[in-house]
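Note sheet for the following structure.
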Amino acid sequence: MIEQIKITDPQVYEAIKKELQRQRETAELIASENFVSPAVLQAAGSWLTNKYSEGYPDKRYYGGNEFIDVTEKLAIERAKKLFDAEHANVQPHAGSQANMEAYFALLELKDKILGMSLDHGGHLTHGSKVNFSGKFYNFTSYGVDKETGRIDMDEVRKIALREKPKLILAGYSAYSRNLDFREFRKIADEVNAYLMADVAHFAGMIAARKHMMPFPHCDVVTTTTHKTLRGPRGAIILCQKEDRLKEIYHKDSKKNLAGMIDSAVFPGMQGGPLEHVIAAKAVAFGEALKPEFKTYIEQVLKNAKVLAEELMGYGFKLVSDGTDNHLVLVDLTNKGVTGKEAETALDKAGITCNKNMVPFDTRGPFDPSGIRLGTPALTTRGFKESDIREVASAINKVISNIKDEAIKKMVRQDIAELCKKHPLYPEVKL
Ligand SMILES: Cc1ncc(COP(=O)(O)O)c(C=O)c1O
């Protein structure tokens with residue numbers, strides 16, 4: 001697959017080769033990562049990268065797009081089917097761009113958005129002061145309840161009635177419970193707000209019908225394509241065709257909601273779409289429509305439950321005391337270890353994860369109190385419950401002996417052995 005690079009650019013080849021070795025030999029527990037299929041890899045690495053295709057299928061600014069239109073239309077149709085959506089735009093380069101484009105379509109600068117607080121599990125694009133979202137829009141936030149670690153919908157309603165946002169945002173990067181879009185919509189209706197869901201983390205569960213469907217409750221849904229959805233790095237925006245609040249907010253616009261979203265993506269925010277990635281999205285969506293994908297997501301969920309139970313058995317405190325989805329958020333305070341210490345130690349032991357703030361954290365984002373763990377990537381390579389029990393035991397060993405280098409070395413060997421049982425890209429010989 002990468003034979004040419006070996007000949008023309010040995011330095012880049014070496015790094016790509018080593019990265020595959022790293023992925024093969026370590027346990028990937030970053031909740032936002034996954035391993036795409038060889039078919040998705042091939043589409044993303046194809047000559048479609050050569051093509052300029054500004055515009056949309058059958059309405060391009062460049063010639064020669066007859067085959068590009070085929071792949072983009074396939075991606076659109078499959079995305080609509082996966083999410084029961086009336087309209088899909090498959091061009092956003094990444095999740096952050098998708099959110100920027102959705103805000104740009106619906107709002108004026110400085111309009112008010114109510115989203116999940118970053119330190120309770122929201123994403124940078126949900127209002128961080130150092131992100132475009134916090135600079136261009138007026139964010140206000142809801143969080144989780146201190147006792148339960150769950151979003152309290154009465155509290156969301158109270159804040160919405162007080163703040164009167166023009167858009168309510170449901171979605172998270174680090175929250176382990178399902179969302180009730182019906183409840184969010186009731187609140188949105190009370191204050192004449194748009195309801196947008198950023199389902200980046202749990203798109204796979206929606207596609208597999210293992211989470212409440214966001215439509216018809218939401219106006220707009222954004223998602224990355226590379227997390228539980230197991231596609232190439234990128235994003236999509238899905239929406240209803242009609243602008244439900246047109247008479248209130250967009251009286252003078254000639255566009256419906258779908259038209260507003262498309263214009264915000266191009267020419268509003270992006271130039272030429274990444275058609276090689278869009279083809280890879282089409283392939284991944286095709287895979288997600290198959291029954292095997294449902295089985296995969298069921299296993300992701302089973303594995304996450306086992307990971308949560310095992311860790312709690314070892315005395316770890318989980319935010320919300322468990323999980324409904326693919327991730328667990330571990331509060332390490334009772335273990336006397338910080339998130340950064342845990343991330344570094346686990347990395348040395350061949351277990352990859354990320355440090356993470358926990359709700360009501362007394363520490364800062366560079367060395368917070370928690371770590372976030374997820375099962376999508378390990379499940380793709382075939383890890384089942386018994387393997388996850390071994391991973392949980394390894395995590396416990398490392399964190400309970402945080403300063404012991406010999407234990408890290410031993411665990412690294414054990415993890416490498418476990419990974420060998422579930423080979424990654426066995427067809428690739430380097
Ligand atoms: C909820 C959510 N939205 C948006 C994004 C941004 O996606 P990207 O990294 O592709 O810009 C992420 C990424 O982690 C996310 O978790």
Side-chain angles (χ1 to χ4, degrees), residues 28-34 36 40 44 79 83 89-104 113-128 130-134 136-137 139 141-144 151 167-179 181 184 195-207 211 214 218 220-238 265 269-270 273-274 277-278 280-281 284 300 323 325-329 352-357 365 368 370-377:
E28 183 52 74
L29 281 160
I30 293 183
S32 49
E33 293 189 13
N34 214 324
V36 299
V40 169
F83 292 91
N89 187 307
V90 297
Q91 294 192 357
H93 299 331
S96 298
Q97 272 65 52
N99 285 347
M100 187 185 241
E101 289 153 356
Y103 301 157
F104 193 56
I113 305 177
L114 171 60
M116 189 168 191
S117 149
L118 301 191
D119 34 330
H120 284 212
H123 184 255
L124 271 181
T125 54
H126 301 180
S128 161
V130 296
N131 182 261
F132 83 88
S133 55
F136 294 172
Y137 299 97
F139 268 84
S141 58
Y142 58 87
V144 299
I151 296 169
L167 187 148
I168 296 178
L169 184 54
Y172 56 77
S173 292
Y175 180 67
S176 55
R177 297 295 171 183
N178 291 335
L179 298 184
F181 296 122
F184 273 104
L195 178 58
M196 169 173 156
D198 175 353
V199 303
H201 263 269
F202 53 108
M205 281 61 128
I206 293 169
H211 188 286
C218 300
V220 176
V221 173
T222 58
T223 179
T224 53
T225 44
H226 48 268
K227 298 187 175 87
T228 48
L229 203 49
R230 207 165 56 179
R233 194 155 289 281
I236 57 175
I237 306 177
L238 306 146
V265 175
M269 290 283 171
Q270 294 185 180
L274 310 177
V277 178
I278 290 172
K281 287 173 186 171
V300 167
T323 182
N325 59 17
H326 61 300
L327 72 84
V328 297
L329 192 54
T352 317
C353 71
N354 64 283
K355 56 184 172 295
N356 217 99
M357 298 275 278
I371 50 172
R372 187 187 65 164
L373 308 169
T375 54

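Because the structure is predicted, anything quoted here is derived from the model rather than measured. Just so you know, ligand 1 is whichever comes first in the structure, and atom 1 is the first atom listed for that ligand.
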Under a strict 4.0 Å criterion on non-hydrogen atoms, which protein residues are in contact with ligand 1?
A94, G95, S96, N99, H123, Y172, S173, D198, A200, H201, T224, H226, K227
Under the rule for side-chain contact (heavy atoms from CB on, under 4.5 Å), what residues qualify as partners of R233, not counting sequence neighbours?
H226
Please report the C-alpha distance between V328 and S176 in whole Å, then the side-chain angles of each, then the deciding distance to 0.1 Å, and finally whether the side-chain contact (heavy atoms from CB on, under 4.5 Å) criterion is met.
CA-CA 6 Å; V328 297; S176 55; 5.7 Å; no
Which pairs would a plain distance check flag for residues 197-207, meaning a side-chain donor or acceptor within less than 3.5 Å of a matching protein atom at least two apart in sequence or in another chain?
residue, atom, partner, partner atom, Å
D198, OD1, A200, N, 3.2
D198, OD2, N99, ND2, 2.9
D198, OD2, H126, NE2, 2.9
H201, ND1, H326, NE2, 3.0
H201, NE2, S173, O, 3.3
H201, NE2, R372, NH1, 3.2

Contacts of Y142 that satisfy side chain to side chain donor-acceptor pair (under 3.5 Å) - sequence neighbours left out:
none
Walk me through it: do F139 and L114 pass the test side-chain contact (heavy atoms from CB on, under 4.5 Å)?
CA-CA 6 Å; F139 268 84; L114 171 60; over 6 Å; no
Flag the pair H123 / Y175 as yes when their ring centroid distance falls below 6.0 Å, and as no otherwise.
no
